Each structure stands twice: as C-alpha cells, then as structure tokens.
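Beneath this line is the structure, given in structure tokens, with notes to follow.
First listed ligand is number 1; within each ligand, the first listed atom is number 1. Since we're looking at a predicted model, the values are computed, not measured.
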Amino acid sequence: MANNIKILTKDIGTDGLESISVYKKLGGYLGVEKALKKMSPDEVVEEVKKAGVRGRGGAGFPMGMKWGFLAKPEGVPRYLVCNADESEPGTFKDHYLMMKNPHLLIEGMIISSFALGANKSFIYVRGELMYVIHILEKAIEEAKQAGYLGKNILGTGFDLELIVQPGGGAYICGEETALLESLEGKRGNPRNKPPFPAVKGLYQCPTVVNNVESIANTPWIIQNGGEAYSGIGIGRSTGTKLISASGHVKNPGVYELELGLPVEEFIYSDEYLGGIRDGHHLKAVVAGGSSVPILPAELILKTAEGEPRLMTYESLSEGGFVSGTMLGSGGFIAMDETTCIVRNTWNFTRFYRHESCGQCSPCREGTGWMEKVLYRIEHGNGNERDIDLLVDVAKRIEGNTICPLGDAAAWPVGSAIRHFRDEFEWHIKHPAQATAKGSIYSKS
Ligand code: L3W
Ligand code: SF4
C-alpha cells in the first residue's frame, strides 16, 4: 500500500479553492488539457478501465466497464449524468467534496463527457443543498469564461453544456432510473432494469450515470495514468475512498483513505476517528450507509475466521450476509453500548417506509408493516411472534422489488435480528423498561 495518499482531498483547506484561479494554480484543469488535446475519447476510457475504479455511489460496479457498455447508435445523443443526490443516512461525502472543491467535479465532468461523446451533461444535486448548487453554478460560469465549457473547448472542436439540476427532494430520486425520470420532469419512480441506462437512459438515449466521487477521480487518473491509480489500494479495491464517519466516535467527519486500511486502525487511530467517546466502547457499526447490514463490534474488526477486516469492498463483505456487510457508499456509523439496536432499526425502517415510492407491493406494504412491528416492540407492545414475523417480512421484500430500496429496507432489519436477537427479546420480555423514557437496552 502507498502511504496515506490523497487524490480527492489533497487541496482541501487551501484558501479560495472554490475559485478557478486557485484551483488552476494547484494544477487544476491540466487533466482536461491533456485529455482533450493529447488523447482520443477511447484512450481516456482505456485509462479509466485500467484504473479499476469502482462506482463510489454504493454498488461498486466497475466504472470503466459501465463506460464500455454505453451504446453508440448513429445520430442519437449520449448523456452523462452525475448522481449528486446524496441522501443515504450516514453519507455526506459528495456534499463535502462539491462544497469544498467544485472545480474538481467540473473538471471530471468535462473529461468524462469527452470520453463518452456527451455534449450535454447534468449534475443532479440533492434539492436541499441549494448552497452547493450555487457554488457549482458559480464554478461552471468561471469554467465557461476560461474556455473549459461551451463551444469548441480549448480549440479542440469538443462542445459541452453542463447543467446543474436541483433534485426532487426524495431519497428515491438517487436511484439512477428514478433520477432520470425526475430529470425528465416526471415523478421519480424507478424503472425496470434492463434496459440499463447505458442503453436507454435519459429521454431513452444512451446515458452513463456516475456518482460524484467516481467522476472526481478522473482528473487524477488522466494526469497520472490508470496504472498508477490501480497501484493504490488492494486487489480489486483500487484507489482511495471517501468515508463519511458519524456516531459515537471522537472525530466524526469526512476522511479520504487508501482502500485496504484496517478497520481497527480507521476507528482507533488519532489520524482518523480517534476511538470511541471517553468512557464508552464500540457496540456496532453500519459501514456503508443505512442500507447495508449492521455488524457487532467483534465482526467489524475481524471476520468470522479471525482475519483483520479491511476497508475494501471484498473484506467488508467477507462472510456474505451471515457475518459480513458492504462498503456501500462509505457512510460509516459507529454506535457505542448506549445505542438501542431496536430503536435504531425502527428509525431506519421509518425512513425507508417514508421514502418508498410505492410502486411495488413488497416494498410499499412490507416497509410499513416492519415499521409498525418495530414500533410496537420498541414501545413495549411486542409479542413473541413479532421477531420471526419481521424476519419473514424482510425475506419477502428482499430480491422481489423493482429497485434496491426494498433490499436496503430489508437488510438492516434482518441483520439487526441476526446479530442482536437477544436485544429484541429483551424488549418483548421487559415492556415497562423498554418504554421508559430514554430507555437504553442493558443486559444488567
Ligand atoms: C449496463 C449492465 N449497466 C449494472 C450499472 C447500473 C448501475 C451500476 C450498478 O444501486 C446500490 C444499492 C444501494 N449493463 C449493467 C449495468 N449496470 N449492470 O451498474 O448497478 P446496481 O444495480 O448494482 O446498483 P444501483 O442500482 O446503482 C446502488 C447502495 O448502492 N447504497 C446506496 C447508497 C445511496 C447513496 C446516496 O444517497 N448517494 O449513495 C448503499 O449501500 O442500496 O445497492 O449504474 O446501471 N449489464
Ligand atoms: Fe419504489 Fe420500493 Fe419498488 Fe423501489 S422497491 S420501486 S422504492 S416501491
């Protein structure tokens, strides 16, 4: 592993970085100069493939492979859409990156649009982040004035119009096909896949949808080469990853770390989270945003086989859904022993019930049902059959819906019961204590 390399955050902290003059002084837009003047679109795609960078929105799908799937029918426009609708509970890294270094994303959008042959590209930003939208619009105007956007960019003949679109204000609009519907001016309902957006996306034209962090990696990849990028990280988890850390840790915030860092080092070293708040200890972690399975402390630090768990796609999912989880979008939520897992699970489920678009019955009905059962357990009205009922409902949702929101609602419930069943049973057996104000589960 390289040592503590920063690709996305290296300049953050420099005064005035959001202005093009400061960004350029630090080497900004050299990636665009190189890609547009010295490389062909296919050569840019090739470098991204070599880099092995995996989609940073949550699914980890190889970015270069997705680019390679883009259909290119004669005379049909192609689009690049940046998914900046970050709404996953526990995930706030794209927000941070756009706010602190907007030109990095814009430079990435220009390089990526050039590679894909898109002349009109969109950044779909979570609607609540109006100030981020203003920062991006200002930066786009500066880039236009400097000749990096518009017609005949840098005299190369490449045209690009870049549009910032405020999101529809719903979590589901971050699902790529719901996002495309919303961008077309419709209600953000997910579409069935296939066809994938790479074949039929925006206005039924071939479209690549990539996350902010994925696109922001491209200027570095072009400047340093795909091979250099793939030399960072471990195995198929190449490069660095932004992690947004929250919960009961001493130093919450956004961190860029090289993939492969041991989870234990990430939690306990002063360079990162600095450990759990004084007088408390780690109980559980949700490593990749609220949608991924929760793990108890012993399984997040080490796999069931006793191997140290690493911050990689592979290591975090080691053990499958029996004893593993997912890196997901990198929303790392650490909980100490004062956390009531039943309450936490109810809270997550309440979120998914509220955000379900209602198109498929297992998700629409199942999230509501799980929320009601969790509410009654948490509020002292649970009965012995409720735990198995929750497991059953979660299983019936999983894999049976149009989009991943259904799975995302089922996994936290299934994993919380798998690892903390005694806590659910305690709530049912001790209704008075479970309902006490500020009730915290305690085995004592
Ligand atoms: C062409 C094929 N394209 C796959 C593309 C597909 C998409 C990407 C990944 O969900 C996950 C979800 C959340 N031809 C293709 C193809 N593609 N096969 O590859 O696709 P998929 O279906 O694996 O995932 P997804 O629909 O993108 C994303 C999880 O992320 N998640 C969500 C976090 C939410 C945020 C946020 O708020 N920003 O990050 C966290 O873990 O549960 O499993 O582009 O088109 N044959
Ligand atoms: Fe809508 Fe839920 Fe179906 Fe996704 S899984 S399409 S959110 S009802």
Before giving the answer on side-chain contact (heavy atoms from CB on, under 4.5 Å), spell out for R56 and R54 the whole-Å C-alpha distance, their side-chain angles and the decisive distance to 0.1 Å.
-> CA-CA 6 Å; R56 302 301 198 219; R54 292 168 65 174; 4.2 Å; yes

Which of the ligand 2 atoms, numbered from 1, are nearer than 4.0 Å to a heavy atom of T401 = 5 (S)

Could you say whether the N/O atoms of K66 and ligand 1 ever approach to under 3.5 Å?
-> yes

Where does the angle between the aromatic ring planes of F69 and F61 fall among parallel (under 30°), tilted (30 to 60°) and perpendicular (over 60°)?
-> tilted

Out of P197, A59, G55, whose heavy atom is nearest to atom 21 (P) of ligand 1?
-> A59

Per-residue contact class, T367 against ligand 2 - non-hydrogen pairs under 4.0 Å | neither

Is atom 2 (Fe) of ligand 2 less than 2.8 Å from at least one N/O/S atom of C360?
-> no

Atom 44 (O) of ligand 1: which of R54, R126, E176, E175 has the nearest heavy atom?
-> E176

Could you say whether the N/O atoms of W411 and ligand 1 ever approach to under 3.5 Å?
-> no

Using a strict cut-off of 4.0 Å, indicate which atoms of ligand 1 neighbour a heavy atom of G288.
-> 40 (C), 41 (O)

Could you pull out, from M63, E86, K193, the option with a heavy atom nearest to atom 38 (N) of ligand 1?
-> E86

Would you say G174 contacts ligand 1, with heavy atoms under 4.0 Å as the rule?
-> no

Can you find a non-hydrogen atom of T91 under 4.0 Å from ligand 1?
-> no

Which atoms from ligand 2 have a heavy atom of S356 less than 4.0 Å away?
-> 2 (Fe), 8 (S)

Pull out every atom of ligand 2 sitting under 4.0 Å from any heavy atom of G406, numbered as shown with elements.
-> 5 (S)

Would the number of heavy atoms belonging to other residues, nucleotides or ligands and lying under 6.0 Å from OH of Y268 be above 12?
-> yes

Should one rank G58, P62, G57 by closest heavy-atom distance to atom 39 (O) of ligand 1, which comes out on top?
-> G57

Below 3.5 angstrom, do we get any N/O pair linking E88 and ligand 1?
-> yes

